[in-house]
Protein chains: 2
Amino acid sequence: MRLSEGVEAAIHCAATLAGVDGGATMPGSALAEQFGVSPSYLLKHLNALTAARILESLPGPAGGYRLARPAERISLLDIVLAVEGPQPAFRCGEIRQGGPVKLPASAYAKPCGINAAMLRAERAYRAALAAEKLSDIVSEYLTDADPRSVAASCAFIAQRQRPQKPPSTKR
Amino acid sequence: MRLSEGVEAAIHCAATLAGVDGGATMPGSALAEQFGVSPSYLLKHLNALTAARILESLPGPAGGYRLARPAERISLLDIVLAVEGPQPAFRCGEIRQGGPVKLPASAYAKPCGINAAMLRAERAYRAALAAEKLSDIVSEYLTDADPRSVAASCAFIAQRQRPQKPPSTKR
DNA sequence: GGCATAATACTCGGATAAAGCCTGTCCGAGTTACGTCGG
DNA sequence: CCGACGTAACTCGGACAGGCTTTATCCGAGTATTATGCC
């Protein structure tokens, strides 16, 4: 059982974007720089989040990414499913039918009990992930993390975010 | 998120071995034949189960595999961990430290909140897997599955199991 | 001086190679059962 | 007839290639900004 490396980056990016002012955006290059990962590769995952309607992307010089809805309505499950895909972790290959004894298909009408048990467990996993809201992650970070780390993150966001409405961009 | 293909085979094998008489064994070739998978490859996973003290292996002409303890004390979590490894699905790469701003190590003394949240969800998953006992899987199969499938499975077990007359020598 | 226009620079997006893990296969070491020989 | 021995066959165990998903990278399409020329 192994999750993609990109899930971690996607969650960190979403948490960072939750800290930008409403309406402002942050380019993918800034997010990649903050975490020291490849910009081109991070775009792949950010694109997946955009396709899942979790992020919004704006092109152009003042463009970038921002959350498509408030952080209270974004759960870790949404991000994981967007990056990893909606398929369950356990995929029943129906090996019970692969034996030498060939039974009619009607004998396998009911789903495999092992598959059902694994899906029950996975449902609990997804429920736990759905309970973890992005806003809670951010709040917990702001209160529990080291003040120096929080200050550095806020400074980075304030420096690299791009406000949308004001026409004048100084730089 | 994706589990190994071998997990399904391992669980099916364990469920089959739960149906053999106490003390009797079944060779890996018979298990592979029952599910139509490669015998040599199945041995890899059966070996992992043996290393995890879930199965016992007896060499020799009348040898094979059997459960190391009653099915009531074997959970799906034990099998999954044996095949997939004990590492959690989400492995924190500490990308929060990869940015250009270098803070002293003391600023990262507390664990990453995102990692903590993911591990909380995974703990729920493992708890759900631990609640699924192998004996329950077998009981559910015997009562709910199609009678033809149950009859075929029992016939296969009775035909291919190897009773162990003398007290076995543990490996 | 104001407005339309064209060049510009920055952004995202998809298509393209390389690496790592999982899958699949092979052959060798070890052990037990059986047949045979000797007592 | 009984016991011990040697042979043999069957088993598991670890080491060796191939396929596929994941990771990483590059270049092209699109758009708001900006400077310029015209009115």
Side-chain angles (χ1 to χ4, degrees), chain A residues 1-10 13 24-33 35-51 55-66 83-85 87 89 91 93 95 160-171, chain B residues 1-10 13 24-33 35-51 55-66 83-85 87 89 91 93 95 160-171:
Chain A
M1 179 167 45
R2 179 178 133 270
L3 275 76
S4 291
E5 189 80 10
V7 173
E8 181 183 7
C13 288
T25 64
M26 180 173 277
S29 59
L31 293 168
E33 181 187 351
F35 302 119
V37 299
S38 296
S40 304
Y41 182 46
L42 187 62
L43 267 288
K44 203 181 196 65
H45 300 304
L46 293 176
N47 191 359
L49 294 177
T50 304
L55 301 184
E56 282 179 346
S57 68
L58 281 76
Y65 292 95
R66 66 183 174 192
V83 175
E84 292 284 333
Q87 303 173 357
R91 294 195 277 287
I95 64 173
R160 295 300 223 100
Q161 73 177 358
R162 315 257 171 164
Q164 274 308 303
K165 301 302 180 181
S168 68
T169 61
K170 79 157 181 96
R171 168 138 142 97
Chain B
M1 178 168 42
R2 177 178 135 270
L3 274 76
S4 290
E5 189 82 8
V7 173
E8 181 183 5
C13 288
T25 64
M26 180 174 275
S29 59
L31 292 168
E33 182 186 352
F35 302 118
V37 298
S38 297
S40 305
Y41 182 45
L42 187 62
L43 267 287
K44 205 181 195 63
H45 301 302
L46 294 175
N47 191 359
L49 294 177
T50 304
L55 301 184
E56 281 180 346
S57 67
L58 281 76
Y65 291 95
R66 67 181 174 192
V83 175
E84 292 284 332
Q87 302 173 359
R91 294 195 277 287
I95 65 173
R160 294 299 224 99
Q161 73 177 358
R162 315 259 170 161
Q164 290 291 324
K165 295 169 185 176
S168 63
T169 64
K170 298 190 66 175
R171 175 188 173 277

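As a basis for the values below, the full set of heavy atoms in this structure was taken, side chains included, without hydrogen atoms, waters or symmetry mates. Chain naming here is simple, since letters A, B, ... match the order of the sequence lines and numbering starts at 1 in each.
- D:dC10 atom P lies 12 Å from atom CZ of B:Arg160, rounded to whole Å.
- Among all heavy-atom pairs drawn from A:Leu43 and A:Tyr65, the shortest one is CD1-OH, 3.1 Å.
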At under 4.0 Å between heavy atoms, which parts of nucleotides 18-24 of chain D does protein reach? Answer with one letter per nucleotide, 5' to 3': B base, S sugar-phosphate only, - none. ----SSB
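- Base engagement by A:Ser40 is indicated by at least one non-hydrogen atom pair under 4.0 Å involving a base atom.
- Here the C1' atom of nucleotide D:dG13 and the OH atom of B:Tyr65 are 8 Å apart, to the nearest Å.
- Taking atom CG on B:Leu43 and atom P on C:dA29, their separation rounds to 17 Å, with Å as the unit.
- The shortest non-hydrogen separation linking B:Arg160 to B:Pro27 is O-CD, 3.8 Å.
- Residues that satisfy the side-chain hydrogen bond (donor to acceptor under 3.5 Å, both in side chains) test with A:Arg66, not counting sequence neighbours, are A:Glu56.
- Looking at every heavy atom in both residues, A:Thr50 comes nearest to A:Ser57 through CG2-OG, 4.0 Å.
- In this structure, CZ of B:Arg162 is placed 9 Å from P of D:dC10, rounded to the nearest angstrom.
- Residue A:Pro27 places its side chain closer to C:dC12 than to any other of C:dC10, D:dC12, C:dC12.
- Taking only side-chain nitrogens and oxygens, A:Asn47 comes nearer than 4.0 Å to OP1 or OP2 of C:dG14.
- Residue B:Leu49 comes nearest to B:Ala10 through the heavy atom pair CD1-CB, 4.0 Å, listed as atom of the first residue, atom of the second, then distance.
- Annotation: of the two residues near DNA chain C, A:Ser29 and B:Pro61, the 5′-most nearest-nucleotide partner is A:Ser29.
- If you measure from atom CG of A:Leu58 to atom P of D:dT33, you get 11 Å, rounded to the nearest angstrom.
- A:Met26 has its CE atom 12 Å from the P atom of C:dC12, to the nearest Å.
- Taking 4.0 angstrom as the limit, A:Thr50 places none of its side-chain polar atoms (N or O) nearer than this to OP1 or OP2 of C:dC12.
- Atom-to-atom distance recorded for A:Arg91:CZ and B:Arg2:CZ is 6.5 Å, nearest 0.5 angstrom.
- Following rounding to the nearest Å, A:Arg91 (CZ) and C:dT23 (P) show an atom-to-atom distance of 10 Å.
- Note on B:Ser57: every side-chain N or O is 4.0 Å or more away from OP1 and OP2 of D:dT11.
- As a whole-Å value, the separation of A:Leu42 CG from D:dT25 P is 12 Å.
- Of all heavy-atom pairs spanning B:Leu42 and B:Ala9, the tightest one is CD1-CB, 3.9 Å.
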